[in-house]
Structures are given as structure tokens and as C-alpha cells.
Amino acid sequence: MKIKLKIWRQKNAKTKGIFVNYSLDDVSPEMSFLEMLDALNTKLIEEGGDPVAFDHDCREGICGCCSLYINGHPHGPGEKTTTCELHIRSFKDGETIVIEPWRAKSFPVIKDLIVDRNAFDKIIAAGGFISVGTGSASEANSILAKKEHADEAFDSASCIGCGACVAACKNASAMLFVSAKISQLALLPQGKVEAMERVEAMVAKMDELGFGNCTNTYACEAECPKGIKITNIARMNRHFIGAKIGSQIKQ
Amino acid sequence: MIKSGLSISSITKKIIMALLGLFLIVFLLVHLGINLFILPICEDHAEMYTAAAHFMSTNWIVKVFEVILMAAFLIHIYYGIVLQIQNWIARGSIRYKSRNKTTTSFMSKYVIYTGLLIFMFLLLHFYNFYFIKLGLVSAPKAAKIPLPQEEHFYELIVWLFTNDMIFSIIYIIAFIVLGIHLKHAFEAAFQTLGLNHSKYTPVINAIGTIYSIIVPLGFIIIPVYFILFV
């Protein structure tokens with residue numbers, strides 16, 4: 001297969017970026033998208049050029065490292081697929097593939113297609129955890145959780161924090177990510193204890209970092225590679241209202 | 001106060017918008033209820049309309065309500081603009097070069113623009129009616145509306161719809177735009193308030209769809225009646 005590539009190249013956060021055109025003449029339709037980029041980089045290195053920088057790690061859709069805004073979709077076309085799970089067979093022979101980094105003020109470009117997603121870590125650090133003393137694991141049946149809640153918490157926890165929700169949202173809002181991280185804890189007994197403080201702290205951090213505001217277009221849900229649902233956002237809003245009017249502990 | 005209004009949380013701003021939006025949705029029903037008396041639905045419809053308009057401009061409870069209503073409009077618009085500006089800034093200085101292909105509803109993507117068009121219509125609406133009531137402007141001379149003009153809105157409406165085709169067209173377009181705005185806003189308000197439920201959300205969405213078609217249509221019928229039958 002032949003493909004044409006239009007890739008965003010940017011030296012670092014301070015320099016201006018531009019699109020550079022490349023073409024690959026011999027790609028297999030069975031190649032994964034990242035293997036195709038590897039092939040491009042091998043070619044660039046052999047020619048003495050600068051390889052394209054892009055994020056990747058597990059290459060099996062669970063680490064949340066890969067990103068890329070491909071032909072107008074975060075993680076490319078196809079539902080519930082990360083870029084590493086995307087294959088060249090999803091594209092036509094001779095097609096031009098446009099690849100851009102995530103675009104958000106809170107995700108500055110580090111180089112080429114790599115963006116700094118530390119903002120997500122900062123939101124987690126603001127309250128996305130439970131405060132328990134470490135030690136040996138307690139008896140599993142000592143704290144009871146409803147099956148439905150455990151299932152929902154698991155669904156929320158399947159968020160890999162890749163940032164596709166921010167990339168897809170016309171407002172660069174991180175509310176799907178934040179709400180999934182709030183839900184995965186708040187639905188379970190161990191996380192419920194600090195649910196109020198958590199929602200206030202994480203939302204405040206999200207605002208401080210300059211993410212946009214949800215306008216309920218649900219682009220995030222449509223593009224999420226893990227199928228995180230907007231019911232999480234409703235839950236976050238609900239807990240937020242509860243925290244604002246019901247919080248009894250004040251420092 | 002403006003400064004503190006800006007620094008409140010993103011979700012608080014959204015909740016304020018949602019609550020005020022729902023309040024305006026309820027108000028719109030009242031407004032439509034009165035407006036429908038412009039149509040010959042019963043023999044003394046014109047007198048009943050004038051009586052209702054008189055009640056709305058003299059009753060002290062309504063007068064208090066009017067202040068709340070104006071505040072609701074202004075705060076809803078204010079936060080709509082504030083949130084939109086924050087959202088534009090959040091994207092960063094470089095925007096995507098390729099067109100976004102995510103499947104989202106048309107209504108939700110352009111809600112700020114439909115809102116802006118409705119605001120422009122609201123200004124026109126104020127100029128035509130509300131400012132006359134406040135004594136700031138007077139009705140067009142050609143309409144020959146007797147004094148006090150606020151007691152003769154029925155004649156003014158009939159004159160506007162029968163003499164000013166452009167006004168009627170703007171009026172009809174404004175309510176189509178309002179329908180588009182409300183289709184998204186109704187559902188979104190409940191989502192923002194955290195009221196999402198596997199059983200009730202489809203019901204809320206259905207009510208929202210019916211409301212956003214029926215209510216604007218109710219307003220549109222009035223100029224259409226005058227264009228076709230008068």
C-alpha cells in the first residue's frame with residue numbers, strides 16, 4: 001500500500017510548528033499505525049533526517065501513552081480504539097493521513113506529536129486517591145460493595161488517561177477524565193469516605209490548569225477509546241453540588 | 001461582584017446557567033400562554049390579551065418577578081459568554097488544522113451562536129415592546145397607536161405583523177433558532193445538574209424535544225396567521 005502523510009513537526013514548545021509531507025510506498029495493510037510510523041522513522045534515520053517524535057509504550061491499548069489526532073479524530077477513525085490498536089487497513093490506498101498532536105492549552109507540545117500531559121497527573125495528585133495506611137491486604141469480604149457499583153467503578157476505572165476527551169472536546173474540557181477518576185473511587189466504600197473533598201479538590205485543580213468547560217456536546221464520549229460514559233460527568237456534577245451544599249467539615 | 005462571579009468554579013457557573021435556563025423555559029410557557037390570545041381563539045380574545053398584558057404590567061408580584069426575570073436573562077447571558085471565552089482560551093493558540101470529524105449533534109455545537117442570535121432578537125423585542133412599556137421609546141408613528149401605548153400592544157402587534165413583512169420573517173426565524181437552542185439546552189440543563197438516569201433521561205430528552213418544537217411553533221403560528229389570513 002502507498003500512503004501519504006502530513007505530519008505536524010515542531011522542534012519544542014517555544015518554536016513554531018509546521019506540517020511536513022512524507023510518503024511511504026511499501027506499507028502493509030496489516031501494519032499497526034505505530035509500526036507504520038516506526039517504518040517512517042527508520043527511513044528518516046537512514047536518510048540522515050530527524051525522526052518524528054510520538055508517544056507510545058504498551059502498544060496494546062492499556063497504558064494511555066499513545067495519542068495523535070488522525071484525520072480529525074483523536075486516536076484516528078474507529079470506535080473505542082487507541083492509536084496503537086489502529087491498523088493501516090483502516091485507510092485507503094494512496095490516502096493522505098493528517099497527523100497532529102493533541103491541541104489544548106493545558107497540553108503544551110514537547111516535540112512534534114508529543115504533548116505534556118502532566119496536567120492530568122496534577123489533577124490526580126489533587127485528590128484522585130484514597131487516604132489509607134499501607135500494610136498487608138485486608139480480608140476481602142470485610143468491606144462489602146454492591147456488585148452493580150463495583151461494575152460501574154470498574155467501567156470508570158478503565159479510563160487510561162490518554163487525553164482523547166480533551167483533544168476531541170471543542171472546549172478542551174477535561175470533565176470526562178476527571179469525572180471518571182472521581183467515579184471510580186466514589187462508587188466504592190473505601191473511596192466514598194473522601195468523596196466530597198475529592199470532587200472539590202479535583203475540580204478546582206482542573207479549573208486552575210485551564211481546561212475548558214463542558215458544553216454537553218458529548219464529543220468526548222464519542223471519541224473515548226475506552227467507552228467512558230458521560231453519566232460519569234453527571235455523577236461528578238451531582239457530587240459537586242452535594243459537596244458545595246452538604247459539606248460539613250471546613251478547615 | 002463581577003470578579004467573584006468569574007472566579008467561581010466551572011461547574012458552579014454551569015449549574016447557574018442550567019437553573020436560570022430552566023427558569024426561562026418555564027417563563028416562556030407563560031409568555032406563550034398570553035400570546036396565544038392574540039389569535040382569534042375565542043370571541044373576546046383581544047380584550048383578554050389586553051387584560052392579561054395589563055395584569056402583567058401592573059400587578060406587584062409580577063413586577064417583582066420581572067426584576068428576577070431580567071436578572072435571570074442577564075446572568076444566563078453573562079455566564080454563557082464567560083464560559084465560551086474560557087473555552088476558546090482552553091484550546092490554546094494553535095488550533096487543529098484538520099476539520100474535526102467527531103459525531104456530535106449540530107444543536108450542541110452551535111449553542112453559543114444560537115444564543116447570540118436569540119439575544120439579538122431579544123433586543124429587538126425589547127425595542128418593540130418592553131421599552132415602550134418603560135416609556136423609553138414610542139411605537140412607530142405609522143402604526144398610529146393611541147396613548148397610553150402600553151395599553152394598546154394588541155393593535156401594535158397586529159400592525160407589525162400585517163405591515164412589516166421583514167419583522168414577521170425575523171420573528172419566525174428567531175423562534176426556529178430558539179427551538180434549536182432549546183433542543184440542546186433542555187437536555188443539557190438536566191445533565192449539568194447531575195440528573196442523569198437510565199430510566200428518566202430518555203423521558204427528559206423526549207419532553208425536551210416536544211417542548212423545543214411545540215413552544216417555538218406556538219409563537220410562530222401568530223405571524224403565520226396574520227400573513228396568511230389577515
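Hydrogens, waters and symmetry mates are skipped; everything else that's a heavy atom, side chains included, is used. We name chains A, B, ... by the order of the sequence lines, and we start the count at 1 in each one.
- One distance of note links SG of A:C214 with CD1 of B:I11; it measures 9.0 Å at 0.5 Å rounding.
- Taking all atoms of both residues into account, the shortest heavy-atom contact from B:R91 to A:V166 is NH1-O, 3.5 Å.
- Chosen from A:S106, A:A167, A:P101, the residue pairing most often with chain B at heavy-atom distances under 4.5 Å is A:A167.
- Residue-environment remark: CZ (A:F154) stays at or below the threshold of 12 foreign heavy atoms within 6.0 Å.
- By the 4.5 Å heavy-atom criterion applied to side chains, A:N216 and B:K14 are counted as neighbours.
- For A:E79, the CD atom counts as loosely surrounded, since its 6.0 Å shell holds 12 or fewer non-hydrogen atoms of other residues, nucleotides or ligands.
- Between chain B and the residues A:A204, A:A104, A:P74, A:S173, the most heavy-atom pairs under 4.5 angstrom are made by A:A104.
- Using a 4.5 Å heavy-atom cut-off against chain B, the contacting residues of residues 217-229 of chain A are A:T217, A:Y218, A:A219, A:A222, A:E223.
- With rounding to the nearest 0.5 Å, the separation of OH in B:Y96 from CH2 in A:W8 is 12.0 Å.
- Interface remark: A:P77 contributes no atoms to any contact with chain B (heavy atom separation under 4.5 Å).
- Annotation for B:A90 and A:A172: closest pair O-CB, 3.5 Å, computed over non-hydrogen atoms.
- Heavy atoms only, all atoms of each residue included: A:R103 and B:R95 are closest at NE-O, 3.5 Å.
- For B:L83, the parts sitting under 4.5 Å from any heavy atom of chain A are the backbone and the side chain alike.
- Neither the backbone nor the side chain of A:F107 comes within contact range of chain B; no heavy atom of the residue lies under 4.5 Å from a heavy atom of that chain.
- The contact list for residues 97-130 of chain B toward chain A, using heavy atoms and a distance under 4.5 Å, reads B:K97, B:S98, B:R99, B:N100, B:K101, B:T102, B:T103, B:T104, B:S108, B:K109 by residue number.
- Heavy-atom minimum distance, A:M206 versus B:S10: CE-OG, 3.7 Å.
- The distance from atom CH2 of B:W88 to atom NZ of A:K170, rounded to the nearest 0.5 Å, is 8.5 Å.
- Within the 4.5 angstrom heavy-atom criterion, atoms from both the backbone and the side chain of A:N213 approach chain B.
- The stretch residues 182-209 of chain B places B:H184, B:A188, B:Q191, B:T192, B:L193, B:G194, B:N196 near chain A, each with some heavy atom under 4.5 Å from a heavy atom of that chain.
- For the options A:G72, A:P108, A:G17, A:G212, heavy-atom pairs under 4.5 Å to chain B are most numerous at A:G72.
- Remark: A:R89 engages A:E30 in a salt bridge (Lys or Arg N to Asp or Glu O under 4.0 Å) (not counting sequence neighbours).
- Contacts between A:I233 and chain B at a heavy-atom distance below 4.5 Å involve backbone atoms as well as side-chain atoms.
- Dense packing is recorded around CD1 of B:I41, with more than 12 heavy atoms of other residues, nucleotides or ligands lying under 6.0 Å away.
- For A:I230, the parts lying near chain B are the backbone and the side chain together; criterion is any non-hydrogen pair under 4.5 Å.
- The line from CD1 of A:I241 to OG1 of B:T12 is 9.0 Å long, rounded to the nearest 0.5 Å.
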